[in-house]
Structure formats: C-alpha cells, structure tokens
Number of protein chains: 2
Amino acid sequence: MGKPPQRTSLEDVARLAGVSPSTVSRALNRPELVSPATRERILEIARSLGYTPDQVARSLKRGKSPTLGLILSDISVSFHADVARGVEEVAQAQGYSLILFHSQESPERERAGLELLKSYRVAGIILEPTGKNRELEEALVQEGIRVVEVDRISGAKGVPSVLSDNLQGAALAAEHLLQAGHRWAFVVGGELGLTSCGERTEAFARRFTAGGGAAEVYTCPSTPEGGYEAALRYLSRGQRPSAVFVTTGQMAQGVLQAFQEQGIAIPQEVSLVVFDDPPWASLVSPPLTAVRQQAQEIGRKAAQRVLGERFPGRPKILRLPTELVERASVARLADPGGSYPPDNPA
Amino acid sequence: MGKPPQRTSLEDVARLAGVSPSTVSRALNRPELVSPATRERILEIARSLGYTPDQVARSLKRGKSPTLGLILSDISVSFHADVARGVEEVAQAQGYSLILFHSQESPERERAGLELLKSYRVAGIILEPTGKNRELEEALVQEGIRVVEVDRISGAKGVPSVLSDNLQGAALAAEHLLQAGHRWAFVVGGELGLTSCGERTEAFARRFTAGGGAAEVYTCPSTPEGGYEAALRYLSRGQRPSAVFVTTGQMAQGVLQAFQEQGIAIPQEVSLVVFDDPPWASLVSPPLTAVRQQAQEIGRKAAQRVLGERFPGRPKILRLPTELVERASVARLADPGGSYPPDNPA
DNA sequence: CTGTTAGCGCTTTCAC
DNA sequence: GTGAAAGCGCTAACAG
C-alpha cells in the first residue's frame with residue numbers, strides 16, 4: 001500500500017503518442033528513421049513522462065550491456081584509484097558504465113567477479129589478475145567478452161595487458177642510484193610472483209649489477225606492513241647497503257613509517273627510491289625520489305582496448321613509459337665507485 | 001566466422017537434463033521445491049556446461065537487479081576510496097554488485113548518473129550529492145529505489161545520510177588547540193556550501209570562539225590547489241594566527257605543500273590540525289594531528305541502509321563519531337590564554 | 001515512414 | 001514434484 005513504483009515504459013509513451021512501440025523505439029535510437037513531426041511529439045511526450053529506457057530490457061534484447069567490469073585487488077591503493085579514474089573516464093565518454101569488483105587478491109573472489117560480470121553481459125572486463133584464473137579469462141574471451149589486464153600479466157592467451165614499463169622504470173632508478181655513487185642496494189621487492197614487483201626487482205637488480213653495484217633482494221607481502229617489516233630487517237643489520245629501492249608505493253608507506261619510528265635520517269643514513277609516485281611522496285620529509293607511473297593513462301588505454309576495434313596486429317602488451325621524479329631522498333655519495341659496497345655483501 | 005559466442009542458457013541445461021526450463025530454474029533458485037535426484041542431476045549438468053544464469057534476463061523478469069549504484073565526485077580521494085571499499089564490502093557480502101559513477105562535482109553528470117542507475121534498475125543508490133538534484137533523488141525514492149547519501153546532506157525528502165559527526169570532530173580539534181594555548185586560528189574552510197566543509201568550519205569557529213579564541217575563516221576550492229592558495233594567503237600576512245585548521249585532507253595536501261615550499265616549520269611557526277586522516281598524515285614531518293573519520297564504516301552503514309529493511313522510525317541522519325589522533329603538528333604554547341590573539345584580529 | 005511479429009533468458013503462477 | 005504458458009521492456013527484421 002502506498003507503493004506505486006510504476007515505471008513508465010516505452011509502451012506508455014507509445015500509447016500516449018498514438019504510435020506503435022517500435023516507432024518510439026526508433027525515435028529514441030535511430031531518429032533519422034522517423035518523420036520529424038512524430039519524432040518531436042514522441043520525444044516531447046517521453047520527456048514529459050520522465051521516461052527512461054530500461055537498460056536491462058535493452059541489454060537482454062541486444063545480448064550485450066553497455067557496461068565494463070573492473071576487477072581490482074583494492075581500490076584504496078592510490079595507483080588503483082587512478083587507474084579506475086582513467087577507465088571510468090573513457091567508459092563514461094563512450095556511454096559505458098563501470099561495475100567495480102574487489103578481488104582482494106583472492107583467486108576465488110576473482111573467479112566470482114569474473115563470473116558475475118559475465119552474467120551481467122558486460123561488453124568487456126578490465127582486470128588486475130591474480131593469475132590463477134587464466135582458463136576462465138580465456139573462456140570469457142571465447143564467449144566474446146573483451147578482457148584486458150592492467151598492471152600485471154597473467155599469461156592468459158588472447159588477453160592483452162596494459163602496464164608500466166617496469167624494466168625502463170627500474171633501470172631509471174638503478175641508474176640514478178649508480179650515478180649518485182651508490183654501489184650497494186637493498187631491494188624491497190614485495191611478492192615477486194606479481195608482474196609489477198617481479199619485473200621491477202629483477203630489472204633493478206640487473207641494471208644495478210651491470211653498473212658495478214650489488215643488489216640484495218628482500219621479499220615480503222606487497223603491503224605497508226610488508227614494507228615495514230622489510231625496513232626493520234634492513235635496519236637490523238650491522239653493515240647496511242647505502243640505498244633502498246622499493247617496488248611499490250604501498251610498501252614504501254611501511255618503509256617510511258619504520259624509518260621514521262627508528263629515527264633514521266633520509267638520505268643521510270639511507271637513500272630511498274620508490275617505484276610509483278603516490279600523492280604523498282612529495283609531502284614527506286625529505287620528498288621522495290620516485291618513478292612516476294601514468295596510472296590514469298593505463299586505465300584509459302585499457303578501456304580503449306576493451307572498447308575499441310580489435311586490431312589483430314596490435315601488440316599484445318602495452319607498456320607505458322615511466323619518469324623519474326628526482327626529489328631529495330637520494331644522497332650523492334662522496335666516493336663514487338668507492339668502498340661502500342663491501343666486496344662481499346653477503 | 002570463427003565466432004561462436006554461444007552462451008549456454010537455462011534451456012540448454014533443461015534439454016540435456018530432460019526436464020523443463022522451469023524445473024531448472026527452481027533447482028537453481030528454490031532447490032527445496034525439486035526432488036533431490038533431479039536437483040542433483042540438473043546441478044551437475046549445469047556445472048559441466050559451465051552454465052551461468054543470465055543476470056540481465058533475471059533482472060528484467062524480477063524488475064530489479066542485485067546492484068547498487070555509487071556516485072562519488074572522485075574515487076581517487078582517499079576518503080572516498082575508503083567509503084567505496086566499505087560499500088563494496090557489504091554489497092558483495094549480500095550478493096550485490098556495485099556500479100561506480102563519477103560526478104566530478106557536476107550536477108549534470110550527477111543527474112546523468114542517477115538516471116543511468118535508474119535505467120539499470122539498481123536496488124539502491126549511494127550518493128555523495130551535489131545538492132542540485134534533490135527532485136530527482138526524491139523521484140527515485142518514489143519509484144522504489146533506495147537512495148542514501150554519504151558525507152553530505154542535500155536536503156532531499158526521504159533520503160537519509162551517513163556522514164561523520166562533523167560537529168563533534170571539529171569541536172575536538174578546537175578544544176585541542178585551545179588546550180594547547182592557541183587563541184587565534186586560521187580556518188581553511190573550503191567550499192562552505194558542502195556539508196562537510198560548512199559544518200566543520202562553523203562548528204570549529206563556534207567552539208573555538210566559545211573557548212575564548214578567535215577564528216578567521218578562509219574559503220577556497222576544496223582541492224589541494226585550494227589549500228595551497230589558502231596557505232599562501234595565510235603566510236602573506238603580517239601577523240599570523242598561531243594555528244591552522246583544515247577541513248579536508250585534500251586541502252591539507254596543498255597547505256602542506258605550500259608550507260614546505262616556503263620553509264615554514266610546523267609546529268614551531270604554525271600549528272596544524274586536519275579534519276580527516278589520510279594515510280600519509282602520519283608519514284609527513286611532523287606527523288599531523290588529525291581528526292580521523294570512519295570512512296569505511298560510513299560506506300558500510302550506507303550500504304546497509306540501502307539494503308536493509310526500511311525502519312520508518314530510524315533516524316534520518318546517521319553521524320559517525322570521529323577521533324582525534326594527536327601527533328606532532330600542534331605546538332603547546334607557553335602562555336595559555338595569553339597575548340597570542342590580538343585583541344582585534346581584524 | 002510505421003506497424004506487426006517474434007523473441008532475448010529467465011521466473012512465476014497455474015494446472016496436472 | 002514438474003510442465004506449460006505468459007510476459008518483464010525493448011529491439012529488429014519484415015511487411016506494408
């Protein structure tokens with residue numbers, strides 16, 4: 001009682017306008033197929049009735065909904081939020097909506113999300129993959145749903161990825177440290193199984209080593225807590241590397257917290273470079289030298305690939321260049337190439 | 001050619017199981033109405049076929065989709081991301097999906113989002129309102145769509161809100177400053193038309209004045225840029241208030257940037273309290289004293305209100321308490337109640 | 001240019 | 001317990 005949620009339907013408009021439903025439909029979707037006079041009348045009536053076409057019915061009929069799915073481990077990571085903004089931006093511009101799903105890094109949740117999105121008949125899915133659901137990804141592609149990965153590469157066949165050029169970015173960091181005279185670095189790597197952490201760690205180590213330095217890799221959860229723990233580990237040593245390279249902004253948060261709590265002076269006691277440039281990097285003391293990613297652009301490009309035409313010849317993996325933002329967390333060492341790195345870091 | 005995106009439908013399952021579609025539907029939705037034997041068989045076949053019920057068809061039939069809409073000005077504001085996480089958490093737990101929409105603070109985009117969500121037959125909408133679409137909000141409620149506002153109060157009839165207890169939080173900040181001996185404060189208010197900024201500014205001023213202090217309010221865009229500009233304005237004065245109160249984390253970013261660039265020492269030259277406690281607040285030097293909001297809980301509560309039963313007697317506006325996190329950005333003044341506030345701050 | 005017809009895939013009475 | 005039938009609101013041939 002007292003509940004008349006009578007949505008007005010296309011049929012209502014048709015009746016009032018004295019035309020058939022299909023004409024109304026046309027007036028809305030292909031106006032050029034309807035005589036100007038009736039078109040105007042229909043549109044006018046539709047407006048006056050506050051008519052909104054039912055997307056659900058439309059999607060059922062068309063077999064596809066103007067919707068994109070976005071599966072992220074956690075939207076509150078600033079990098080992810082920026083990616084989401086980019087995705088949403090082009091989706092909205094093209095008339096698509098965004099369904100957001102959190103995987104929380106859990107393969108089961110990811111699977112649930114993928115299946116859910118499929119059942120929603122989304123036009124495409126943008127996915128930060130755990131890598132544990134490759135078959136499902138491939139199956140979705142088979143069914144005609146476009147899938148594009150961001151930030152990681154699961155290895156699923158037929159699924160392109162958009163991510164930062166981790167090799168280039170990590171090399172930038174390594175080189176910068178090398179040039180500042182550092183020859184011994186501690187790498188807070190995170191979970192090396194993740195494309196981002198793995199590639200960054202490896203590329204950094206390779207470049208740094210090639211330049212005559214020695215890199216020690218420490219793995220830990222890719223979270224602030226993981227970074228915190230890694231930093232404590234670093235500090236607990238007798239002799240310490242002169243520089244620390246952190247592969248994600250999340251971990252950097254923890255690293256910084258630890259250094260701060262222990263009263264470690266940056267860059268006097270330790271130099272720091274972070275892969276990723278969260279908004280706070282320039283706010284801390286000292287401001288952090290960081291490898292900036294084009295997060296929003298990654299989102300945009302991913303959305304474009306999902307929505308755009310399929311170019312068979314197109315590169316499967318798109319790597320967006322990064323940029324080194326020099327701030328004040330790296331000390332220039334007095335004796336470049338000198339004695340800092342012990343001959344045997346182990 | 002080479003494109004057989006044949007989704008398997010309920011009918012396929014029925015055929016293979018040798019039963020009618022309705023039985024399959026029952027087996028899936030009300031298993032108790034189907035004999036255990038057939039039920040098992042159906043479920044088994046469904047599984048082997050990789051069958052996923054089509055949400056679109058289901059939603060059309062049911063006239064409602066298990067989906068919530070979330071309209072935010074910008075997901076990359078950490079407070080919003082946390083709200084979103086909260087919303088998503090309870091939505092997911094209850095089997096609902098989330099459609100994310102960015103209003104970018106534009107009433108037109110908000111209207112578009114609202115209309116879009118309506119056309120998707122979402123079960124409910126969680127909205128950070130611009131306040132310029134009250135009639136539409138009310139109309140949606142009339143049509144049976146639950147709408148709940150977060151962080152702001154538009155004033156739309158029948159639309160509850162969930163937000164921080166701005167009065168309590170601002171009072172906390174004022175009191176803290178008062179107790180530390182401050183008697184003259186500069187308030188970076190932001191856009192006072194927004195519930196958050198307005199309430200915080202007013203409550204702070206009132207409490208601070210009541211305690212014998214003088215508060216000067218400065219309005220500016222509620223963005224980092226706005227904060228930056230406000231801080232410069234503050235700095236450009238001859239005599240300055242001893243404390244600055246910033247009503248949002250976004251603006252605090254800009255304020256900090258400005259202070260840093262100008263080499264202003266906190267809290268020696270100016271004390272700082274921020275309403276909102278973004279993840280970086282504890283990372284900067286000095287760590288910022290902040291009023292912490294229960295962002296995620298705001299999201300959860302909002303989602304619960306959208307999804308839960310309708311309690312007619314329930315309070316329309318839910319204000320979640322905040323907490324003062326004392327860190328190191330407030331100086332204890334030597335001469336409490338003394339001469340800091342000039343008799344005539346103007 | 002416009003109306004008629006036939007569903008999209010699923011749920012839901014209503015019979016059997 | 002299970003099937004048949006109707007239809008959610010819209011679109012897309014196909015006629016006229």
Does CD belonging to B/E11 count more than 12 external heavy atoms closer than 6.0 Å?
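No, not enclosed.
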Looking at B/Q94, I'd like to know if its CD atom is crowded, meaning that more than 12 non-hydrogen atoms belonging to other residues, nucleotides or ligands lie closer than 6.0 Å.
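Enclosed: over 12 neighbouring heavy atoms sit under 6.0 Å from CD of B/Q94.
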If only side-chain N and O atoms count, and only distance matters, is there a donor-acceptor pair under 3.5 Å linking B/T23 with B/S20?
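Note: B/S20 and B/T23 side chains meet the donor-acceptor criterion.
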Side chains of A/Q250 and A/T223, donor plus acceptor under 3.5 Å:
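Not at all, the side chains of A/Q250 and A/T223 share no donor-acceptor pair under 3.5 Å.
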Work out how much the helix from C/dC1-D/dG16 to C/dC16-D/dG1 bends between its end axes, five pairs an end, to the nearest 10 degrees.
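Result, rounded to 10 degrees: 40°.
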Tell me whether B/E138 is salt-bridged to B/K157, with the criterion being a basic N under 4.0 Å from an acidic carboxylate O.
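No salt bridge links B/E138 with B/K157.
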Salt-bridge criterion met for B/K118 and B/E143 (N-O under 4.0 Å):
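Between B/E143 and B/K118 there is a salt bridge, with a charged N closer than 4.0 Å to a carboxylate O.
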Would you please name every residue forming a side-chain contact (heavy atoms from CB on, under 4.5 Å) with [X], sequence neighbours left out?
{"X": "B/S196", "value": "B/D151, B/L194, B/R200"}
{"X": "B/E115", "value": "A/T52, B/R111, B/L136"}
{"X": "A/V159", "value": "A/E137, A/V141, A/V147, A/E149, A/A156"}
{"X": "A/P53", "value": "A/Y51, A/R58"}

Contact list for DNA chain C against residues 38-59 of chain B - heavy-atom distance below 4.0 Å:
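Result for residues 38-59 of chain B: B/Y51, B/P53, B/D54, B/A57, B/R58, sorted by number.
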Could I get a table of every N or O pair under 3.5 Å where one atom is in the protein and the other is in nucleotides 12-16 of chain D?
residue: D/dA13; atom: N6; partner: A/R26; partner atom: NH2; Å: 3.2

Pairs touching [range] that satisfy salt bridge (charged side-chain N to carboxylate O under 4.0 Å, His left out), sequence neighbours left out:
{"range": "residues 74-94 of chain B", "result": "A/D74-B/R85, A/R85-B/D74, B/D82-B/R85, B/E89-B/R300"}
{"range": "residues 61-72 of chain A", "result": "none"}
{"range": "residues 18-43 of chain A", "result": "none"}

Intermediate values then yes/no, side-chain hydrogen bond (donor to acceptor under 3.5 Å, both in side chains), A/S103 and A/S106:
CA-CA 6 Å; A/S103 65; A/S106 145; over 6 Å; no
Round to the nearest Å and state the distance from A/L60 atom CG to D/dC8 atom P.
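One finds 13 Å between P of D/dC8 and CG of A/L60, rounded.
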Distance, rounded to the nearest Å, where A/K64 contributes NZ and D/dT11 contributes P:
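Distance check: A/K64 NZ to D/dT11 P gives 17 Å.
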Just call it for A/V24: base, sugar-phosphate, or nothing, with non-hydrogen atoms closer than 4.0 Å on any strand.
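It contacts nothing in the nucleic acid.
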Side-chain N,O (B/S35) to OP1/OP2 (D/dT2) below 4.0 Å
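For D/dT2, OP1 or OP2 has a side-chain N or O of B/S35 closer than 4.0 Å.
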Below 4.0 Å from chain A heavy atoms, what is the first contacting nucleotide of DNA chain C and what is the last?
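The footprint of chain A covers C/dC1 to C/dG9.
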Working note: B/R152 + B/E191, criterion salt bridge (charged side-chain N to carboxylate O under 4.0 Å, His left out); need CA distance, chi angles, decisive distance, verdict.
CA-CA 12 Å; B/R152 324 225 271 229; B/E191 295 158 64; over 6 Å; no
What parts of residues 112-121 of chain B reach DNA chain D, counting only heavy atoms under 4.0 Å away?
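Residues of residues 112-121 of chain B that come under 4.0 Å of DNA chain D are, in numerical order, B/R121.
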